[in-house]
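Reading through the structure tokens given below for one structure.
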Number of protein chains: 2
Amino acid sequence: MDQKNICPRFEKALMILNHRWNTLLIYQLLDGPQRYSTIKNQLNISSRVLTERLKELETEQIVLRTVIPSTPVFIEYELTEKGYAIAPVLKAIEQWSSEWVTIDIE
Amino acid sequence: MDQKNICPRFEKALMILNHRWNTLLIYQLLDGPQRYSTIKNQLNISSRVLTERLKELETEQIVLRTVIPSTPVFIEYELTEKGYAIAPVLKAIEQWSSEWVTIDIE
DNA sequence: AAACTAAGTTACGAATTGTAAGCAAAAAAA
DNA sequence: TTTTTTTGCTTACAATTCGTAACTTAGTTT
């Protein structure tokens with residue numbers, strides 16, 4: 001009858017990281033600061049969703065959006081310290097996938 | 001112009017792990033074998049989705065479903081070796097969340 | 001016999017995604 | 001100097017996925 005007693009921080013972490021595209025986005029940004037169009041071209045994501053996710057990660061303080069006032073002006077997205085701190089999670093997934101995940105090609 | 005060159009195994013791992021409920025389900029099963037109703041009561045998941053996800057994790061060989069022929073018969077779900085190997089990922093998320101994730105209570 | 005539990009399934013409305021097109025500002029090409 | 005392209009988005013809408021609730025079948029306790 002009793003519900004979960006899972007740590008709310010952990011739950012929130014899962015909410016963020018499991019939201020579609022988010023981990024892949026963070027993974028992509030581990031390579032360093034990138035512009036919107038670069039990210040969009042690298043991943044196979046639509047602009048609608050990309051914008052949405054970047055905003056979400058921005059409000060979660062995982063990603064920082066900066067307007068670079070050069071000519072021409074451009075927008076740069078980069079991980080914050082909090083964002084870079086997710087790297088071990090990605091490493092663990094990489095490790096697991098290389099050891100256990102098989103891709104079924106015919 | 002060029003697309004991603006991300007390792008397909010890693011991508012598949014993300015597909016599985018980022019699918020809603022999956023990591024929480026695996027986390028729950030780290031406590032050991034459990035029956036359907038136990039899982040359902042612990043997490044706040046609907047039976048429709050729970051069944052769906054358990055089937056998915058079963059086909060991915062992360063979860064094993066066993067019919068225990070007792071009286072009454074009951075069904076047990078448990079992690080496979082591949083499933084238990086995901087533990088470090090969960091640990092990394094726990095670590096990150098405890099260090100960086102804040103919950104905003106008013 | 002009546003009510004309950006386990007392990008699902010089904011139907012359906014609500015929320016989330018993907019697709020495609022559009023847009024303003026600036027820059028590069030013709 | 002017009003035309004086209006690029007950037008960083010937004011909007012409209014269709015397709016997919018999710019959650020809710022009710023139902024099922026078989027065994028079970030009252």
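The chains referred to below are lettered A, B, ... by the order of the sequence lines, with proteins before strands, and numbering in each begins at 1. Predicted model, so just to flag it, every value in this text is computed and none were measured.
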Quick one: the side chain of Thr51(B) and the base of dT9(C), do they pair up donor-acceptor inside 3.5 Å? no
Any donor-acceptor pair under 3.5 Å joining the side chain of Ser37(B) to the base of dT5(C)? no
Just how far, in rounded Å, is P of dG27(D) from OH of Tyr36(B)? 19 Å
Rounded interatomic separation in angstrom, taking CE from Met15(B) and P from dT17(D): 10 Å
Residue-phosphate contact under 4.0 Å: Lys55(A) side-chain N/O, dT10(D) OP1/OP2: yes
Scan Arg48(A) against the nucleic acid and name what it touches under 4.0 Å (heavy atoms): base, sugar-phosphate only, or nothing. base
Is a salt bridge present between Glu56(A) and Arg53(A), judged by a nitrogen-to-oxygen distance below 4.0 Å? yes
Value in whole Å for how far the P atom of dG27(D) lies from CD1 of Ile68(B): 17 Å
Any side-chain N or O of Arg65(A) below 4.0 angstrom from OP1/OP2 of dC9(D)? yes
May I ask you to say whether Glu78(B) pairs ionically with Arg65(B), meaning some side-chain N is under 4.0 Å from a carboxylate O? no
Is any side-chain N or O of Trp21(B) closer than 4.0 Å to OP1 or OP2 of dC18(D)? no
Here the distance between atom P of dA24(C) and atom CD1 of Ile75(A), to the nearest Å, is 18 Å
Whole-Å distance separating the CG atom of Leu50(B) from the C1' atom of dT20(D): 15 Å
Compare the minimum distances between each of dT16(C), dG18(C), dG8(D) and the side chain of Arg20(B), then state the nucleotide with the smallest one. dT16(C)
Distance in angstrom units between Asn41(B) CG and dT5(C) C1', rounded: 11 Å
Would you mind checking if Lys12(A) and Glu60(A) are paired as a salt bridge, meaning a charged N to carboxylate O distance below 4.0 Å? yes
Under 4.0 Å from OP1 or OP2 of dA6(C): is there any side-chain N or O of Tyr77(B) that close? no
To the nearest angstrom, the CG-C1' distance between Leu24(A) and dT17(C) comes to 16 Å
Both Ser47(A) and His19(A) contact DNA chain C. Taking the nearest nucleotide for each, which residue is further toward the 5' end? His19(A)
Quickly work out the Leu54(B) CG to dA6(C) P distance and round it to whole Å. 16 Å
Electrostatic pair Lys91(A):Glu94(A) at N-O distance under 4.0 angstrom: yes
Would you say the side-chain atoms of Thr80(B) pair up with the backbone N or O of Leu64(B), donor to acceptor, closer than 3.5 Å? no
